[in-house]
Amino acid sequence: MQNLNIYNSLTNKKEIFNPLKDGYVGMYVCGPTVYSNVHLGNVRTFMSFDMIYRYFLHLGYKVRYVRNITDAGHLTDDNSEDKISTKARLEQLEPMEIVQKYTVDFHQILKKFNLLPPSIEPTATGHILEQIQAIETILKNGLAYEVNGSVYFDVLKYNETENYGILSKRKIEDAIENTRVLDGQSDKKNAQDFALWKKADPEHIQRWDSPWGIGFPGWHLECTVMSTKYLGEEFDIHGGGMDLKFPHHECEIAQAQACNHVAPVKYWMHCNMLTMNGKKMSKSTGNNILPEEIFSGENKNISKSYSASVARFFMMQAHYRSILDFSDEALLASEKGFNRLMEAINLLDSLKASATSTFDVKVWKQKCYDAMNDDFNTPILIANLFEAVKIINLMHDNKSTLTSEDLEEFKKVVFAFTFDVLALENTTVDNDNSDKLKGVVEILIGLRNQARENKDWALSDKIRDELIELGIQLKDGKEGTGFIIN
RNA sequence: GGCGUCAUGGCCGAGUGGCUAGGCUGGGCUCUGCAAAAGCUCCUACAGCGGUUCGAAUCCGCUUGACGCCUCCA
């Protein structure tokens, strides 16, 4: 197996991937908080890790991929109620109805973008007991304290022997200086302490019994507990959006260290933000676009609808660690490029082998792997796929050749990267009516060819132009006329 | 205010010292009855200023600008 380099946010360097156990990968990715519809920015992160998951599978690893559903615990701005409870009150539903509604939406959307389901998808509410046990352990280890029915993690105490800020590269002294002023009615000893367990006010709907009274778990604990339970005290990869790096992931490290006395994660991976109009997409600010709006075209930021595959291709054309700005213009360009790629792939099966090869398939194949092995560089991979497009078109025009052995290898690699790794779906292939539709188009092509032989250009052009209006484009080539249906 | 990231040609977007990224757009050519498609080809680059170096988009410093985190966020 070839060396795979991964950019580790913990060290800010690319490192050769060495799994804890040969041939196996344990990967945890922070999932959504299910109190509203996922927007395209959320989708980007999950799509990036789907690509990463798929590439590991392609390389032959056995992967346990855990992605949670956060269905409890995230507080709103006023710190009095969590987001799911707030939404439940607003929509007059049970919190679990809210959770169910948006979990179903989440799954449907990801399926449309062709994401594989994770191996395990645990929920926070399904792991309250484990969270209480973890809190007890942290209390026992002297790194948390109870105040008035709530339990807080003692960041300063932890920082005496460990490094709070190891991931986000913050110095706790700076944080203290900068937060000294805002001193509230908080029970916390220090502003940077975070809640492990919060006492529930009487009106709080989501509530569980605990050794410290009725309450609910803190918002960083679930990931620590669930990753430990399903992947062990140490595991290979932890991923999530860049915006979770601090405080969420920093707190996860602290909690895991406080419980198990080991660094939980070998490689931290962070996907960058999808922006729109230069600003981060976000649920709370409303600067976002929903997948359904992409599919329907009903959003003021786009001029037309786009397929999920085009959106996926658009995102795969940027590196996962780069900020990507969403725009109609960029989507239009991606759609054209995507169609060109798919049209070439549609020609692959009709290509004929020759006695010699004019193109080095082995070198090209290695370039594809080199791109992916360099921290999952999908834009470079796609550039290489466009080199393949050129070869396919040249072969189609009999201007380039491959031996049957090379051709088989070439097809295998093109298919593997396009469909298995990038997980693009060939929307240019037709649906159930295709055979009949194709037959009709073939008849029209025949009529047009007769007209052309008779130099009846008026008729031949009429057939061509009326077909194009229906979205059927004829392509005249040396070997006859082909067509694509858009 | 603190910490951090980024600034590439008309647009999107790769590239951690010397060698064509790629896609989209625009011009020219080949093919074609004419187009389209396809192929070939061309144009406009590395925010600004200074430094290191034989050589920098790539390293260092400063300036300007943008964004992210510091509160829930993928």
Can you tell which of [options] lies closest to the side chain of [X]?
| X | options | result |
| --- | --- | --- |
| A:Ala383 | B:G13, B:G22, B:G33 | B:G22 |
| A:Arg448 | B:A74, B:A35, B:A38 | B:A35 |
| A:Ile323 | B:C67, B:A38, B:A21 | B:C67 |
| A:Gln473 | B:A37, B:G33, B:A14 | B:A37 |
| A:Met281 | B:G23, B:C69, B:A74 | B:A74 |

query: What orientation do A:Tyr230 and A:His127 show, parallel under 30°, tilted 30 to 60°, or perpendicular over 60°?
result: perpendicular
- request: Please work out whether the ring planes of A:Tyr55 and A:Tyr369 are parallel, tilted or perpendicular, with thresholds of 30° and 60°.
  value: tilted
message: Short of 4.0 Å, heavy atom to strand atom, which residues of residues 101-113 of chain A count as contacting RNA chain B?
response: none
Measure all distances between protein nitrogen or oxygen atoms and nitrogen or oxygen atoms of nucleotides 25-28 of chain B, and list the pairs falling under 3.5 Å.
residue : atom : partner  : partner atom : Å
B:U25   : OP1  : A:Lys336 : NZ           : 3.0

Residue pair A:Ala308 / A:Lys112: nearest heavy atoms and the distance that separates them: CB-O, 3.2 Å
- prompt: Below 4.0 angstrom from OP1 or OP2 of B:A38, is there any side-chain N or O of A:Lys399?
  reply: no
message: Measuring from atom CD1 of A:Ile472 to atom CG of A:Leu437, what distance do you get when rounded to the nearest 0.5 angstrom?
response: 5.0 Å
With heavy atoms under 4.0 Å as the rule, sort [X] into base, sugar-phosphate or nothing.
| X | value |
| --- | --- |
| A:Leu274 | base |
| A:Asp397 | sugar-phosphate |
| A:Ser460 | base |
| A:Asn377 | sugar-phosphate |
| A:Lys280 | base |

- prompt: Does the side chain of A:Asp325 come under 3.5 Å of the side chain of A:Thr275 through a donor N or O and an acceptor N or O?
  reply: yes
message: Within the 3.5 Å criterion, strictly below it, is a donor on A:Glu15 or A:Asn5 matched to an acceptor on the partner's side chain?
response: no
- line: Separation of B:C69 atom P from A:Phe194 atom CZ, nearest Å, is 20 Å
query: Using the C1' atom in both, what is the distance from B:G9 to B:C60, to the nearest Å?
result: 26 Å
query: Tell me, what's RNA chain B's dot-bracket, Watson-Crick or G-U with both distances under 3.5 Å, | for other-strand, [ ] crossing?
result: (((((((..(((.....[...))).(((((.......)))))....(((((..]....))))))))))))....
- prompt: Checking A:Arg170 against A:Phe246: charged group under 6.0 Å from the ring centre and within 45 degrees of the axis?
  reply: yes
